[in-house]
Colleague: 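Below is the structure I would like to discuss, written out as structure tokens.
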There are 2 protein chains.
Amino acid sequence: MELNERKLQILQAIVADFIYSAEPVGSRTISRKYDMGLSPATIRNEMSDLEEMGYLTHPHTSAGRVPSDKAYRLYVDQMMRSSELPDERKMMISRSLNETAAELDRTIEKAARLLSEITNLVSFAITPSSSESRLKYINLLPVDERTVVLMIVSDDGQISNTAVKLGCHYTEENLRIMSRVMTHNFMGKTVSDVLTMDIIETLKNDLSALDRLTGAVVPSFMQTLEKMLDVDLYMDGYTNILSMPEYSDVEKARNFLNLLQQKDHITSVLVNRDNGLIITIGDENSELKDCSLITADYRVNGRLVGKLGVIGPTRMRYSEISSVIKYMTDNISKTFEITGDSTE
Amino acid sequence: MELNERKLQILQAIVADFIYSAEPVGSRTISRKYDMGLSPATIRNEMSDLEEMGYLTHPHTSAGRVPSDKAYRLYVDQMMRSSELPDERKMMISRSLNETAAELDRTIEKAARLLSEITNLVSFAITPSSSESRLKYINLLPVDERTVVLMIVSDDGQISNTAVKLGCHYTEENLRIMSRVMTHNFMGKTVSDVLTMDIIETLKNDLSALDRLTGAVVPSFMQTLEKMLDVDLYMDGYTNILSMPEYSDVEKARNFLNLLQQKDHITSVLVNRDNGLIITIGDENSELKDCSLITADYRVNGRLVGKLGVIGPTRMRYSEISSVIKYMTDNISKTFEITGDSTE
DNA sequence: GTTAGCACTCTTTGCTCTGGAGTGCTAACA
DNA sequence: TGTTAGCACTCCAGAGCAAAGAGTGCTAAC
């Protein structure tokens with residue numbers, strides 16, 4: 001059977017209607033609301049065909065039709081026209097995001113919040129992993145008798161620090177030497193490179209006199225580097241799902257929320273998605289079968305890539321939401337593209 | 001009317017039963033389950049008295065009785081016997097908390113998670129404000145041409161850093177001078193003290209040659225100090241509320257969740273609570289009238305005070321939950337009481 | 001190829017009825 | 001005088017049922 005122009009039109013109308021109403025769409029509704037000069041009976045025939053082709057389903061005999069995942073896929077790929085955001089919304093977004101533009105983490109957090117407020121969906125954002133960041137300084141600073149602070153500054157302006165509790169005493173001179181040696185050895189190398197090196201071995205020659213200090217600091221050093229490999233996950237808008245007809249059943253809502261709580265899982269899903277504006281629908285998500293995800297990436301220093309997106313029922317305003325996400329990620333990329341450029 | 005021994009016994013039975021069942025308790029239930037040699041009729045009479053005295057309420061004529069806030073208060077103050085945690089639970093808690101004992105933030109986060117898992121309630125924890133911490137070092141470190149890192153180390157081992165984007169260039173020598181001058185001027189002073197000083201004025205003499213750098217750094221310095229005054233709030237176990245009969249209505253659940261999302265509000269409620277193990281019930285909470293809160297404080301460096309607690313319906317296992325919270329806060333206090341003591 | 005008409009299906013809503021749980025009162029009992 | 005058995009009464013929850021409404025699928029006519 002062929003998917004002719006008229007079938008497409010009808011399918012589009014059904015999808016559009018269902019996205020807003022969340023109710024199965026009947027032939028009469030389409031005939032009335034979307035004036036295409038066809039009687040309900042004709043539309044019924046077409047709907048029947050569309051169902052046979054797998055684009056529509058039927059909750060029960062006397063209910064209207066509901067779009068299938070396949071229908072949404074078609075809608076997203078061929079029928080959806082990208083919607084331009086109204087200027088006031090653009091301005092609102094830019095303003096909100098630029099308020100905190102100095103720090104990536106806070107901007108990302110803000111973006112997630114804003115996104116869930118605008119879309120009424122659950123939003124999430126991940127920060128880029130710093131695996132490709134290059135180390136710039138390593139600094140050990142005294143705190144008290146037995147505690148020092150290990151500070152790592154990387155070339156993209158990220159700073160990580162950890163308190164290190166030593167089992168021994170130290171002198172400030174020793175800290176200075178060790179800072180210098182470590183900086184000298186690791187400067188310019190990426191985080192992942194350093195982690196594959198035999199760090200103790202590398203430092204051995206220069207620091208033979210400082211065995212105990214080295215032994216105490218290196219594990220913390222490695223831990224901190226490992227932490228830099230991790231990505232942070234922000235999520236927002238959990239409560240929105242309680243307003244969706246799809247989750248009016250508390251049991252379902254709880255299951256979904258519990259799934260979303262598994263941050264490690266969500267993170268890995270996000271990290272493994274392709275870059276660009278990506279829309280995955282229903283079954284296309286290995287888990288989360290009843291959901292759609294829209295994500296887009298943003299760039300930091302033209303290199304590191306984080307992601308921003310939403311998750312919600314397959315019944316989703318794909319076009320509008322894509323535009324919002326795209327606008328936000330572009331905005332963030334612009335702000336953080338080149339370090340030090342966006343002086344206030 | 002007098003609240004005699006028998007009335008107390010009956011009330012205790014009703015409270016205990018309702019805490020577990022969440023169903024209004026009838027006279028027959030009490031007579032059967034809590035063998036006190038009284039017929040349902042007698043118990044009915046006593047219940048009627050208790051209702052008149054304000055300890056019980058009556059959803060409708062033919063329903064059982066439900067304890068009032070006043071009853072819970074009495075229960076907590078006089079009838080509840082403090083429950084000792086089983087050893088395995090104690091061990092589990094200690095082990096979990098000590099895994100990450102190096103850093104306060106992560107321990108607190110872990111504690112909140114653990115608490116919500118154990119109690120099936122919404123848990124929260126706030127970190128202490130650093131207002132009384134004394135500054136130890138102030139350090140400016142170069143990142144790139146126009147960016148430096150401002151790092152503040154305080155005597156309790158906390159480290160705060162901020163990236164500062166300068167409008168001008170700098171030399172490393174200038175950074176060193178400025179670090180030294182700032183450290184010299186502010187070392188040993190508390191965060192709140194420094195914030196009340198006229199910082200520019202204080203630095204003017206020593207840094208007259210570095211006007212532009214000072215102008216760029218001081219605002220960031222103040223911002224960072226202000227951030228140190230803030231307390232962090234962790235919450236966990238949101239989804240638990242969807243399992244409570246009190247919130248089986250999605251509408252109610254949503255309202256409650258929305259309330260909990262207002263982190264500023266929750267934070268201020270927590271900060272303003274007294275120290276020690278505090279239980280507030282229903283009406284005693286200005287907002288959150290249908291809820292009870294249990295909180296306890298923990299100490300860091302014998303001085304700074306953070307809090308850990310739960311929020312849930314007034315129907316709550318007060319005794320057991322208090323014990324868990326108490327045990328956790330004691331554990332945290334012990335770990336962080338004296339800096340540098342808990343060497344691994 | 002399109003459409004009007006109609007029988008049929010299924011859900012939703014409102015209504016009534018019934019059983020069960022529980023109270024409150026009264027009168028009898030110890 | 002306190003306790004208890006008995007009973008009428010209340011209210012809710014659930015079952016069953018009818019009617020209304022929305023929608024389909026089929027057929028026959030246009």
Colleague: Please state how far atom CD in B:Glu51 lies from atom P in C:dG22, giving the value in whole angstrom units.
Modeller: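 Distance check: B:Glu51 CD to C:dG22 P gives 15 Å.
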Colleague: Any idea which heavy atoms bring A:Val122 and A:Tyr238 closest together, and the distance?
Modeller: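 Closest approach of A:Val122 to A:Tyr238, heavy atoms only: CG2-CA, 4.2 Å.
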Colleague: Check whether any side-chain heavy atom of B:Asp290 sits under 4.5 Å from a side-chain heavy atom of B:Phe256, and report yes or no.
Modeller: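 No; the side chains remain at least 4.5 Å from each other.
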Colleague: Could you write out DNA chain D as dot-bracket? Rules: Watson-Crick or G-U wobble, both distances under 3.5 Å, brackets [ ] for crossings, | for pairs with another strand, dot for unpaired.
Modeller: ||||||||||||||||||||||||||||||
Colleague: Are OP1 or OP2 of C:dG22 and a side-chain N or O of B:Arg65 less than 4.0 angstrom apart?
Modeller: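 So the side chain of B:Arg65 is outside the cut-off, no N or O lying under 4.0 Å from OP1 or OP2 of C:dG22.
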Colleague: Count the heavy atoms belonging to other residues, nucleotides or ligands that lie under 6.0 Å from NZ of A:Lys7, then report whether that count exceeds 12.
Modeller: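 Result for NZ/A:Lys7: enclosed.
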Colleague: Starting at CD1 of A:Ile10 and ending at P of D:dT24, how long is that distance when rounded to a whole Å?
Modeller: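 So the two atoms are 12 Å apart, to the nearest Å.
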Colleague: Using atom CZ of B:Arg32 as one end and atom C1' of C:dG22 as the other, report the distance to the nearest whole Å.
Modeller: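 After rounding, the gap between these two atoms is 12 Å.
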Colleague: Taking atom P of C:dG1 as reference, at what distance in whole Å does atom CD of A:Glu2 sit?
Modeller: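 Taking CD of A:Glu2 and P of C:dG1, I get 13 Å after rounding.
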Colleague: Rounded to whole Å, please give me the gap between CE in A:Met47 and C1' in D:dC26.
Modeller: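 In whole Å, D:dC26 C1' lies 17 Å from A:Met47 CE.
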Colleague: For the CG atom of A:Leu257 and the CD1 atom of A:Ile241, what is their distance to the nearest 0.5 Å?
Modeller: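 If we round to the nearest 0.5 Å, A:Leu257:CG and A:Ile241:CD1 are 3.5 Å apart.
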Colleague: With a cut-off of less than 4.0 Å, is there a side-chain N or O of B:Ser27 near OP1 or OP2 of C:dT23?
Modeller: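 It does, given that an N or O in the side chain of B:Ser27 lies less than 4.0 Å from OP1 or OP2 of C:dT23.
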Colleague: If you define the side chain from C-beta out and look only at heavy atoms, does anything of A:Val324 sit under 4.5 Å from A:Met328?
Modeller: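 Contact flag for A:Val324/A:Met328 side chains = yes.
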Colleague: Only one of B:Arg89, B:Lys90, B:Met91 passes side chain to side chain contact (heavy atoms under 4.5 Å, CB included) with B:Ile93; say which it is.
Modeller: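 Single pass found, and it is B:Arg89.
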Colleague: I'd like to check the side-chain contact (heavy atoms from CB on, under 4.5 Å) partners of B:Glu23; sequence neighbours left out, ordered by chain and number.
Modeller: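 By the side-chain contact (heavy atoms from CB on, under 4.5 Å) rule, B:Glu23 matches B:Ser21.
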Colleague: Could you tell me how far apart B:Lys33 (NZ) and C:dA21 (P) are, to the nearest whole angstrom?
Modeller: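 Atom-to-atom, B:Lys33 to C:dA21, this comes out as 14 Å.
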Colleague: In whole angstrom, what separates B:Glu23's CD from C:dA21's C1'?
Modeller: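 The distance from CD of B:Glu23 to C1' of C:dA21 comes to 11 Å, rounded to the nearest Å.
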Colleague: Would you mind reading off the distance between B:Glu52 atom CD and C:dT23 atom P, rounded to a whole angstrom?
Modeller: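 That distance rounds to 16 Å.
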Colleague: For residues 244-254 of chain A, which residues have at least one heavy atom under 4.0 Å from DNA chain C?
Modeller: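 Residues of residues 244-254 of chain A that come under 4.0 Å of DNA chain C do not exist, since none gets that close.
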Colleague: Does A:Arg254 CZ have over 12 foreign heavy atoms under 6.0 Å away?
Modeller: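 Result for CZ/A:Arg254: enclosed.
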Colleague: Which pairs count as side-chain hydrogen bond (donor to acceptor under 3.5 Å, both in side chains) when at least one residue sits in residues 277-286 of chain B, sequence neighbours excluded?
Modeller: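 Applying side-chain hydrogen bond (donor to acceptor under 3.5 Å, both in side chains) to every pair that reaches into residues 277-286 of chain B, excluding sequence neighbours, yields B:Arg73-B:Glu284, B:Arg273-B:Thr280, B:Thr280-B:Asn285.
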Colleague: Base contacts versus sugar-phosphate-only contacts with protein, heavy atoms under 4.0 Å: please encode nucleotides 2-15 of chain C as B, S and - from 5' to 3'.
Modeller: SBBB---BBS----
Colleague: Please enumerate all residues that pass side-chain contact (heavy atoms from CB on, under 4.5 Å) together with A:Ser39, with sequence neighbours excluded.
Modeller: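 Checked A:Ser39 against side-chain contact (heavy atoms from CB on, under 4.5 Å); matches are A:Ala41, A:Thr42.
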Colleague: Could you check whether atom NZ of B:Lys252 has more than 12 heavy atoms from other residues, nucleotides or ligands sitting under 6.0 Å from it?
Modeller: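 It does not: B:Lys252 NZ has 12 such atoms or fewer within range.
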